[in-house]
Amino acid sequence: MSVNGIGSNYCYIGAATNHVQEKATAKDAGRKTAEKSANLSISDEGRNMLREMASRFEPDSDYINARELTIQNTNEVAWEHYAAMRGVSSQTLKDGNYNVEDVMKSIMDTYETRYNEIVKAHENGDREVSYELTRKRSLTLDEDLAGLDEAYKMRLANLAGYITCQQTNRSFENPDSSWYFHKNGAQEEGKTHDKTRLFDTEYRDTATSIMEQAREMLLVAFKGSGYKKGAATSILSDILNENTSFAANTQKLFS
């Protein structure tokens, strides 16, 4: 079974997607409510009373005036880039025969591809966009690239979730190394247990750190005169080759 084309173990992505869609739905509902309210006639005395009542609410209320929505607080730019990156990955990681390093390389490759597409789209100035919530407007290159960086962070969250699914699968392969076994402390004398445990964050944190390092090095390469397309996966491969402990843990997790 494939979830959004990423593979059977990409069990987290649906939750992430639902979270983003729920936020967008809530904000859209606020817009519609504001539009209906605009037809009402309220006296000056009524307005003053409403202001007084509103001032009693906490300043960090989740309500957002639909007229004040911007590209930044709806995150629609990031979602556009995230969906594009995820779509390409779903085509390259579709047979189920891949591991975490393959997923990492796919994320880096799609980030580089999207970056170049954005730069090309701004060769003649700002990029014109039209989104469901924020409608039509122009995007500067800086705004576009900032959205791409946010999308990259979302993809790293996907990576962490993918690893968690793999750790979960591995943990329950053998009752002696399962989460239930460790949780209840059912030790058997003379037995050694798999160190790849459920909810062990060190491996996931290392993977995320490697990806951040690779992105920073790629951004430097973009600005250099010797940049060539395909640099992203080469940079990541070099980092992975130097990190022998991560490679060993990857082999253990996917063997």
Side-chain angles (χ1 to χ4, degrees), residues 2-20 75-121 144-169 201-223 227-243 245-247 249-251 253-254:
S2 177
V3 181
N4 284 328
I6 300 301
S8 60
N9 291 306
Y10 244 142
C11 59
Y12 54 87
I13 204 165
T17 303
N18 290 340
H19 174 68
V20 175
N75 215 24
E76 286 183 292
V77 181
W79 179 253
E80 177 192 353
H81 299 320
Y82 169 77
M85 293 169 67
R86 192 186 69 187
V88 175
S89 288
S90 70
Q91 296 301 311
T92 58
L93 302 173
K94 60 183 179 180
D95 59 0
N97 186 27
Y98 53 84
N99 63 23
V100 67
E101 292 186 5
D102 296 323
V103 175
M104 293 167 72
K105 289 177 181 178
S106 178
I107 292 174
M108 280 301 302
D109 181 59
T110 55
Y111 175 83
E112 179 184 16
T113 298
R114 196 65 180 168
Y115 187 101
N116 285 322
E117 289 174 349
I118 290 171
V119 171
K120 183 174 179 60
D144 237 349
L145 292 178
L148 178 62
D149 287 342
E150 288 300 314
Y152 187 76
K153 293 177 183 177
M154 294 162 68
R155 294 294 284 134
L156 295 192
N158 290 166
L159 172 64
Y162 171 76
I163 293 171
T164 298
C165 288
Q166 293 300 320
Q167 289 175 323
T168 304
N169 292 342
T201 62
E202 183 176 355
Y203 180 83
R204 299 197 302 271
D205 291 345
T206 301
T208 300
S209 177
I210 288 173
M211 293 296 287
E212 289 288 6
Q213 181 184 354
R215 188 186 73 90
E216 291 299 324
M217 293 178 67
L218 179 62
L219 290 176
V220 173
F222 277 137
K223 298 176 182 178
Y227 165 75
K228 294 181 180 180
K229 289 184 179 180
T233 52
S234 296
I235 290 171
L236 180 59
S237 293
D238 289 342
I239 297 174
L240 290 173
N241 289 336
E242 293 174 0
N243 197 323
S245 61
F246 182 79
N249 288 331
T250 299
Q251 180 65 26
L253 182 60
F254 288 91

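Just so we're clear, the structure is a prediction, and the values are computed from it rather than from any experiment.
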- Note on the structure: When every non-hydrogen atom of E212 is compared with those of L156, the smallest separation belongs to OE2-CD1, 3.6 Å

- Item | Under 3.5 Å donor-acceptor, N241 side chain and S237 backbone | yes

- Between atom CG of D102 and atom OG1 of T92, what is the distance when rounded to the nearest 0.5 Å? 9.0 Å

- Query: Any side-chain heavy atom of V88 sitting closer than 4.5 Å to one from T113?
  - Reply: no

- Query: Distance only, no hydrogens: is a donor on one side chain within 3.5 Å (strictly under) of an acceptor on the other, for T110 and R86?
  - Reply: no

- Task: Could you pull out the closest heavy-atom pair between G230 and S234, with the gap in Å?
- Result: O-OG, 3.5 Å

- Item | Side chain proximity check, M104 to M108, heavy atoms < 4.5 angstrom | no

- Task: Indicate yes or no: at least one non-hydrogen side-chain atom of N99 is less than 4.5 angstrom from one of Q166.
- Result: no

- What is the distance from atom NZ of K229 to atom OH of Y115, rounded to the nearest 0.5 Å? 13.5 Å

- Task: Might you point out which heavy atoms bring A214 and L236 nearest each other, and give the distance in Å?
- Result: CB-CD1, 4.2 Å

- Which heavy atom of R204 sits nearest a heavy atom of A160, and at what distance? CD-O, 3.2 Å

- Taking C-beta and beyond as the side chain, do Y203 and V100 meet within less than 4.5 Å on heavy atoms? yes

- Give a yes-or-no answer on whether the side chains of D149 and H81 include a donor-acceptor pair shorter than 3.5 Å. no

- Item | Residues E112 and Y227: side-chain donor-acceptor under 3.5 angstrom | yes

- Item | Cationic N near anionic O, under 4.0 Å, K153 to E150 | yes

- One should read off an interatomic distance between N158 CG and I163 CD1, to the nearest 0.5 angstrom, of 11.5 Å

- Message: In the structure I gave you, are the side-chain heavy atoms of K223 and L219 within less than 4.5 Å of one another anywhere?
- Response: no

- Item | Closest non-hydrogen atom pair between L148 and M85, with its separation | CD1-SD, 3.8 Å

- Find out whether N116 and F222 are in side-chain contact, i.e. whether some heavy atom of one side chain is under 4.5 Å from a heavy atom of the other. yes

- Note on the structure: Heavy atoms of V103 and L159 approach each other most closely as CG1-CD1, 3.9 Å

- Query: Does the gap between the ring centers of Y82 and Y152 come in under 6.0 Å?
  - Reply: no

